[in-house]
Each structure stands twice: as C-alpha cells, then as structure tokens.
Amino acid sequence: MTAAQELSDPNLSLDPMSAAFACAREAAELGEVPVGAVIARSGQIIARAGNRTLVDKDPTAHAEMLAIREAARVLGSERLIGCDLYVTLEPCAMCAGAISFGRLRRVYFAAPDPKGGAVEHGPRFFAQATCHHAPEVYGGLRESEAAELLRGFFRERR
C-alpha cells in the first residue's frame with residue numbers, strides 16, 4: 001500500500017481496534033488466517049497490517065510483525081516509544097519478543113490464544129525475568145467478535 005492509499009484509506013478513520021479487525025478481514029480475503037494489527041501513537045494510526053505468511057511466503061509475516069516493521073519505518077526508529085498495539089489475537093512468542101524489543105507501551109488484544117499465545121498463555125513472555133521490556137497488556141476486547149471471525153474462517157476451510 002502506498003502512502004497516498006494509506007492517507008485515503010477509510011479504515012484509518014476507525015478506532016484502532018476496528019481498523020485491526022478490518023485488516024483481519026482483508027487477510028481472510030487473501031486466504032490468510034484472519035489476524036489484524038494496528039499501531040497507534042497519540043491517538044493516530046501509524047501502521048496497520050494483516051497476516052501475510054502465505055502471500056509473502058514468510059513465516060514471520062504475522063500481522064504484528066508487519067505493523068511493527070512499518071511503524072519503525074514511519075517513525076525512523078527501532079524504538080516505538082509511546083506506541084500502542086491493537087491486535088485481534090493474542091500475540092505468539094515471536095511477536096511478543098518483537099513487542100518487547102520495540103518498547104511498545106501497551107498491547108490490546110481481542111481473542112486469547114490458548115494454543116499459540118504467549119502473553120496470557122504458554123510462556124507468558126512478558127512475565128519472564130529475561131524480558132527486556134513488558135508493556136501494559138489488556139486482553140479480551142471484542143473477544144467474541146474475534147473468536148467468531150477465526151471460527152468462521154477455519155469452518156470454511158474444512
């Protein structure tokens with residue numbers, strides 16, 4: 001997406017979690033697991049992405065990773081100080097590591113992920129003594145909506 005497209009994108013006027021859901025739906029249209037992520041600072045969305053692991057043939061192309069990369073590019077810094085991440089699914093260990101190294105201020109996620117999540121499940125990454133930076137975490141926002149989006153996607157695949 002070009003900078004001009006981003007500026008004219010109607011999803012950017014949405015609240016960050018709604019924009020993350022829009023990204024998740026776009027990912028689903030591409031055949032990707034419907035996960036979307038948005039990074040906002042000072043109330044403005046600066047980066048947005050949906051999963052692209054299949055399209056990019058890249059196992060690291062999770063929505064969170066792509067949004068973090070874009071936010072770092074936009075800000076011209078590897079430190080995303082004062083930035084908040086909104087994501088439709090609890091981040092995995094890889095994404096939690098990137099969140100920590102990026103020094104994101106807060107993480108808001110919709111659906112928990114008992115199998116692959118690493119924030120409230122599994123390794124509980126931010127609670128580990130080896131974690132460099134632990135953001136504030138708020139889970140369960142619009143949880144049922146995110147869970148239904150995921151269930152519907154996998155139901156259609158079976």
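Position 1 is the first residue of the sequence; numbering continues from there.
- For the atom pair OH (Tyr108) and OH (Tyr86), the distance works out to 4.5 Å, reported to the nearest 0.5 Å.
- If you take CZ on Arg106 and CG on Leu85, they are separated by 12.5 Å, rounding to the nearest 0.5 Å.
- Interatomic distance, SG of Cys83 versus CG of Leu75, reported as 5.0 Å (0.5 Å rounding).
- Between Val107 and Pro135, the closest heavy-atom pair is CG2-CG, 3.8 Å.
- Note on Met17 and Tyr138: same hydrophobic cluster, where clusters join Ile, Leu, Val, Met, Phe, Trp and Tyr whose side-chain heavy atoms are under 4.5 Å apart, directly or indirectly.
- Asn51 places a side-chain N or O within donor-acceptor distance of the main-chain N or O of Ala63, the cut-off being under 3.5 Å.
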task = Decide side-chain contact (heavy atoms from CB on, under 4.5 Å) for Glu64 and Cys92; before the verdict, give the C-alpha distance in whole Å, the side-chain angles of both, and the deciding distance to 0.1 Å.
result = CA-CA 9 Å; Glu64 301 96 307; Cys92 70; 5.7 Å; no
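- Remark: His133 NE2 to Ile99 CD1 distance equals 9.5 Å, nearest 0.5 Å.
- Annotation for Gly117 and Pro123: closest pair O-CD, 4.0 Å, computed over non-hydrogen atoms.
- The OG1 atom of Thr53 sits 4.5 Å away from atom CD of Glu32, with the distance rounded to the nearest 0.5 Å.
- For His62 against Cys95, the heavy-atom pair with the smallest separation is ND1-SG, 3.5 Å.
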From CA spacing to verdict: side-chain contact (heavy atoms from CB on, under 4.5 Å), Asp113, His121 = CA-CA 7 Å; Asp113 186 358; His121 295 87; 5.7 Å; no
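- If you take CZ on Arg69 and CD on Glu78, they are separated by 15.0 Å, rounding to the nearest 0.5 Å.
- A tilted orientation is assigned to the rings of Phe101 and His132, their planes being inclined by 30° to 60°.
- Partner Ile39 forms a side chain to side chain contact (heavy atoms under 4.5 Å, CB included) with one of Ile46, Val87, Asp84 and no other, that one being Ile46.
- With hydrogens and angles disregarded, no donor-acceptor distance shorter than 3.5 Å links the side chain of Ser42 to the backbone of Gln44.
- Counting all heavy atoms, side chain and backbone alike, Leu80 lies closest to Ala71 at CD2-C, 3.9 Å.
- Between Leu66 and Gly50, the shortest heavy-atom distance links the atoms CD1-O, 3.5 Å.
- The pair Glu148-Arg155 meets the salt-bridge criterion, with a side-chain N (NZ, NE, NH1 or NH2) lying under 4.0 Å from an Asp/Glu carboxylate O.
- Looking only at distances, no side-chain donor or acceptor of Thr88 sits under 3.5 Å from a matching main-chain atom of Ala110.
- Across all their heavy atoms, Ala67 and Ala49 have their closest contact at N-CB, 3.8 Å.
- Residues Ile45 and Met65 do not share a hydrophobic cluster, defined by chaining ILVMFWY side chains whose heavy atoms lie under 4.5 Å apart.
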